[in-house]
Amino acid sequence: MKTLALSIGACLCLTLAGCETSNGNSGNNGGFPQVANPPAFDYADGEELRSGMHELAYALQRLDAALADDYDETARFQQSILDSLNRIERIGARLRDGDIRAKHAFLADGMDDFLSDVDLAKQYAERKRYYMAARVTGACISCHKANPY
C-alpha cells in the first residue's frame, strides 16, 4: 500500500512537471509562456568608434601642426598638406561607410559635410591656398558642440 501511494505520488509529480514544461512556463517566474526570444541589441562597438575618432583626431592634429609652422611655397610643403588631407579623407570615409550610418545617423550626416570640406580643402591646397585646410582642422569642435555624445 505504501509502495502504491509512492508510485501514484511520483506519477502525479511527473505529470504536473510535464504539464508545466509543455505550457512553456518552466523557468519563467511570471507564469507567462515565452513567445519569442528578445531581439539582439546591436550597438556600435564603442571601442571601434573611439579608435577611429582618435585616429582622425591625430591626423587633424598633424595637419594643424603642419599649418602652424612657417609654411612656404615649396612643393614639399604643399605635398605634406595634401597627404594629410588624403589621410583625413580616408579615415573619415571609413568611419562614415562603416556601421555608423545605421547606428549613429547624426555622425554619418556630419561626416558627409566634413568630407565635402576636406575635398574642397584639397582643391584649394592644389593651388597653394590653405585656408580651407585650416578650417578642416577646426571642424571637430563644431560637430562635438552640436552632438556632445
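Numbering starts at 1 and runs along the sequence shown.
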Asker: Does a sphere of radius 6.0 Å around CZ in Arg135 hold more than 12 heavy atoms from other residues, nucleotides or ligands, not counting ones at 6.0 Å or beyond?
Answerer: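 Count not over threshold, so no.
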Asker: If Ile, Leu, Val, Met, Phe, Trp and Tyr residues are connected whenever their side-chain heavy atoms lie under 4.5 Å apart, and connections chain through other members, are Leu60 and Tyr124 in the same group?
Answerer: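 No.
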Asker: Check whether any side-chain heavy atom of Met132 lies under 4.5 Å from a side-chain heavy atom of Val136, and answer yes or no.
Answerer: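 No, side chains not in contact.
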Asker: Which pair of non-hydrogen atoms, one from Ile81 and one from Ala66, has the smallest distance, and what is that distance?
Answerer: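 Smallest interatomic distance, heavy atoms only, reads CD1-CB, 3.9 Å.
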Asker: Taking only residues two or more places apart in sequence, or in another chain, which ones meet Glu126 in a side chain to side chain donor-acceptor pair (under 3.5 Å)?
Answerer: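 Glu126: no side chain to side chain donor-acceptor pair (under 3.5 Å) contacts found.
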Asker: Could you tell me whether the side chain of Glu89 and the main chain of Val118 form a donor-acceptor pair under 3.5 Å?
Answerer: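 Side chain of Glu89 to backbone of Val118: no pair is present.
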Asker: Mind listing the closest non-hydrogen atom pair of Ala121 and Ala133 along with its distance?
Answerer: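 Distance-wise, the nearest heavy atoms are CB-N, 3.7 Å.
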Asker: Determine, stepwise, if the pair Tyr130 / Gln78 fulfils side chain to side chain contact (heavy atoms under 4.5 Å, CB included).
Answerer: CA-CA 9 Å; Tyr130 306 109; Gln78 180 186 31; 3.4 Å; yes
Asker: Check for me whether Arg129 meets the cation-pi criterion with Tyr131, that is, NZ or CZ under 6.0 Å from the six-membered ring centre and within 45 degrees of the ring axis.
Answerer: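 No, Arg129 does not sit over the ring of Tyr131.
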Asker: Do Met53 and Leu85 sit in one hydrophobic cluster, given that two such residues count as connected whenever their side-chain heavy atoms are within less than 4.5 Å of each other, even indirectly?
Answerer: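 Yes, it is one cluster - the side chains of Met53 and Leu85 are joined through contacts under 4.5 Å.
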Asker: CZ of Arg127: more than 12 outside heavy atoms within 6.0 angstrom?
Answerer: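 More than 12 heavy atoms, drawn from other residues, nucleotides or ligands, come within 6.0 Å of this atom.
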Asker: Out of curiosity, Ser116 OG to Met111 CE, how far, rounded to the nearest 0.5 Å?
Answerer: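 CE of Met111 is found 12.0 Å from OG of Ser116.
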Asker: A side-chain contact here means heavy atoms from C-beta on lying under 4.5 Å apart; do Leu56 and Phe114 qualify?
Answerer: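 The answer is yes, as the side chains (C-beta and beyond) meet within the 4.5 Å cut-off.
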Asker: Grouping I, L, V, M, F, W and Y whenever their side-chain heavy atoms are under 4.5 Å apart, do Ile88 and Leu82 come out in a common cluster?
Answerer: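 As far as the 4.5 Å side-chain criterion goes, Leu82 and Ile88 are not connected within one cluster.
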Asker: Are Ile91 and Leu95 close enough that some pair of their side-chain heavy atoms sits under 4.5 Å apart?
Answerer: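 In short, these two side chains touch, coming nearer than 4.5 Å.
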Asker: Kindly work out whether a path of hydrophobic side-chain contacts (I/L/V/M/F/W/Y, heavy atoms less than 4.5 Å apart) joins Leu63 to Leu120.
Answerer: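 No, no single cluster joins them.
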Asker: Please report the interatomic distance CZ(Arg96) to CG(Asp113), rounded to the nearest 0.5 Å.
Answerer: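 Nearest 0.5 Å value for the CZ-CG distance: 11.0 Å.
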Asker: Any side-chain heavy atom of Arg87 sitting closer than 4.5 Å to one from Arg62?
Answerer: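 Yes; the side chains approach each other to less than 4.5 Å.
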